[in-house]
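To start, the structure itself, in structure tokens.
As the structure is a prediction and not an experimental result, all values here were calculated from the model. To find a chain, count down the sequence lines: A is the first, B the second, and so on, and within it residues start at 1.
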Amino acid sequence: MSKRRIKSRMLHSFLHDPSAIVGFVILVLFIAAALLAPLITPQNPYDLETLTLEHFLTPPIWMEAGQAPYLLGTDDQGRGIFSTIIYGCRTSLFVGFSVVLIAGTFGVIMGLLAGYYGGWIDAVTMRLADTLFSFSTTLLAFLFLGISGGGSILIVILAICIAGWVRYARTMRGSVLEVKENAYIMAAKSTGAGDFRLLVHHLLPNAIPPIFVVLAIDLAVVIMLEATLSFLGVGVPLTEPSLGMMISIGKNYIYAGMWWMIVFPGAALILLVIGINLFADWLREELNPKIQRKA
Amino acid sequence: MAAYIARRLIQGIVVLLVASLLCFIVFRFMGDPVITLAGRYATFDQMEEVRRSLGLDKPVYVQYFRFLGNVAQGNFGISYVTRVPALGLILERFPATFELASTAVILSFVFGVALGVLVALKPYAVRNRLIMAGSLGGISIPTFLMGILLIMVFAVYLGILPPFGRGETTQVGFWRTGFLNINGIRHLILPAMTLAMYQLAVLLRLTRAGMREVLTEEYIKTAWAKGLPPRKVIFKHALRNALIPVITITGLQFGELIAFSIITETIFQWPGMGNLLLTSIRENDQPVIVTYIMLAAVVIITMNIIVDILYAVINPKIRYE
């Protein structure tokens, strides 16, 4: 099948899958909101000049004590919940895409080398991968941040990458092992193509499709993980907006009936993750070789 | 087989050594326990005194080997904060964590697999589409948020379940259990649901995918054609094969379970090991943190070896690789 035909078939199936479209639209809306944050929010909740403590713990605007411009109310520092959510999504998406990019690139390279060369490179990489996998990305990131004290978004990204690359490496290795057996790889080899050419021009493009599924699922997982770490107080620093931290603050007011501090950031987080997962589900069905063969 | 197990054991020990070395290095070069212990306003002499009493004045490699030697004898050092042996402090909290985690694992496995089979059999039935939508929610709500939402609904608004703690417990020998009285069980419900939910959704989706693949295999068609009763085809022929990857992944994801139990225990102030770990991290209580990490590593590696051996028993091809 030519590349163009694969593309048009995927577009066709995408347009006929309502949940995939819904997921994609949600993701695009969140990305747009994150990029345009300063334009669409009434205040910058982390700019101390726009904060006034007199508006702290205001309920949403439709409730009796609600006040404009605080659409969804404010938290204990007088930060508007709506604005903080938008800025928090910025952090979520930044961490999410950074991890997926860094861990993905590293994992793909490791998987490519392990699958192509085999031997001790393969053995060492995969044993390391197995070990990191069983300790789990969540546990390793939590321990690393807890012990080192964290302190910046970059350290959070790094901490998630420690074991985050493993899934990419395993998937890539499996895919390379399959692609390697194809006749065109043999043909390229016999025409004297060097290792580098073979890896980058032949194996990489043919073995990479399954990686996109991992990437989509991983984006959702990483966004949840960042929120979890920030909730536990080992994630992004207090000076940065984060959905997890908002919920952690809201937890202190749970008995005071100030539900808006938890429900709105929680709903935003769930909606973003569901959107990504819906899209990922479609992508998985689409790129799953087992299902394709039968279709 | 013996050689296979021996090789896995040696690999496990290597991983433990690496973990201990990493722990040691990280703690040696990050944060000075002397300041924590002697206090910010201690004099130089007082700080030297503390340093000597902890053996921190010796060369680094001497400290590491002494640390290894002590660990080999089950001596993980004294908690900086409570001044009692770190190992005892952690093990004391083991029953609480074990009861919570095992309840959650059983819940998620039973319901995850059962619902997964149900959905795979009739993927397009309305009820099953609803279950799948629910599972999408399950994997899209992070554990900490699930816990807080459950507290909000069942403890704050409905007021029918306790929001934190372990409730009344009964001492049975060395084990302190919450299973033996109603109050203890009521306290277990929300945290166990929180911890189980994500894993349940993951297992449901894995079982469904596995069953859907297996059900199209030739041998299943043969089984149907032979006129076997559906119960036999579904459970004996299909589910058994679909479950192999499910069990492997569950066994190999033990680190994930430990991480999620830390989160759950923190939210519900459950008096277990994970809660202790977070407190210790906040107080920079290094012996407790190191002990916890080493114990977690031992548990994870043991689980891996058990899963590998089971897998090799089921699938003879693996043994000779």
Identify which part of [X] has an atom lying under 4.5 Å from any heavy atom of chain A, answering side chain, backbone, both or neither.
X: A297(B); answer: both
X: Y292(B); answer: neither
X: I293(B); answer: side chain
X: I148(B); answer: both
X: I141(B); answer: both
X: I139(B); answer: both

Q. Can you tell me how far the CZ atom of F133(A) sits from the CG atom of N304(B), to the nearest 0.5 Å?
A.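 The CZ atom of F133(A) sits 9.5 Å away from the CG atom of N304(B).
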**Q.** Atom pair CD1/CD1 of I263(B) and I258(B) - distance to nearest 0.5 Å
**A.**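 Rounded to the nearest 0.5 Å, the CD1-CD1 separation comes to 12.5 Å.
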What part of [X] is in contact with chain B, defined as an atom under 4.5 angstrom from a non-hydrogen atom: side chain, backbone, both or neither?
X: A220(A); result: neither
X: F231(A); result: side chain
X: L143(A); result: side chain
X: T131(A); result: side chain

As an exercise: rank [options] by heavy-atom pairs under 4.5 Å with chain A and give me the winner.
options: I301(B), I281(B), I300(B); value: I300(B)
options: E256(B), M303(B), R282(B); value: E256(B)
options: S140(B), G137(B), S280(B), A296(B); value: S140(B)
options: T143(B), V156(B), L149(B); value: V156(B)

Q. Just one of V273(A), L243(A), T228(A), I247(A) clears the side chain to side chain contact (heavy atoms under 4.5 Å, CB included) bar with L145(B), so which one?
A.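 Testing L145(B) for a side chain to side chain contact (heavy atoms under 4.5 Å, CB included) against V273(A), L243(A), T228(A), I247(A) leaves exactly one candidate, I247(A).
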[X]-[Y] aromatic ring centre distance below 6.0 Å:
X: F135(A); Y: F254(B); value: no
X: F268(B); Y: F164(B); value: no
X: W259(A); Y: F264(A); value: yes

(Q) Would W165(A) and Y168(A) count as a ring pair (Phe, Tyr, Trp, His ring centres under 6.0 Å) here? Give the steps. (A) CA-CA 5 Å; W165(A) 60 274; Y168(A) 297 94; 9.7 Å; no
Q. So do the side chains of R90(A) and F94(A) get within less than 4.5 Å of each other, counting heavy atoms only?
A.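 When only atoms from C-beta onward are counted, F94(A) and R90(A) do not touch, as no gap falls below 4.5 Å.
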Q: In sequence, state the C-alpha distance, the side-chain angles, and the governing distance for S108(B) and Y198(B), and then conclude on side-chain hydrogen bond (donor to acceptor under 3.5 Å, both in side chains).
A: CA-CA 8 Å; S108(B) 58; Y198(B) 184 80; over 6 Å; no
Q: Decide yes or no on side-chain contact (heavy atoms from CB on, under 4.5 Å) for V234(A) and V156(A), but give the supporting numbers first.
A: CA-CA 9 Å; V234(A) 297; V156(A) 175; over 6 Å; no
Q | Heavy-atom pairs under 4.5 Å with chain B, option from L271(A), L272(A), T138(A), I270(A) with the top count | A |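 The residue among L271(A), L272(A), T138(A), I270(A) with the greatest pair count is I270(A).
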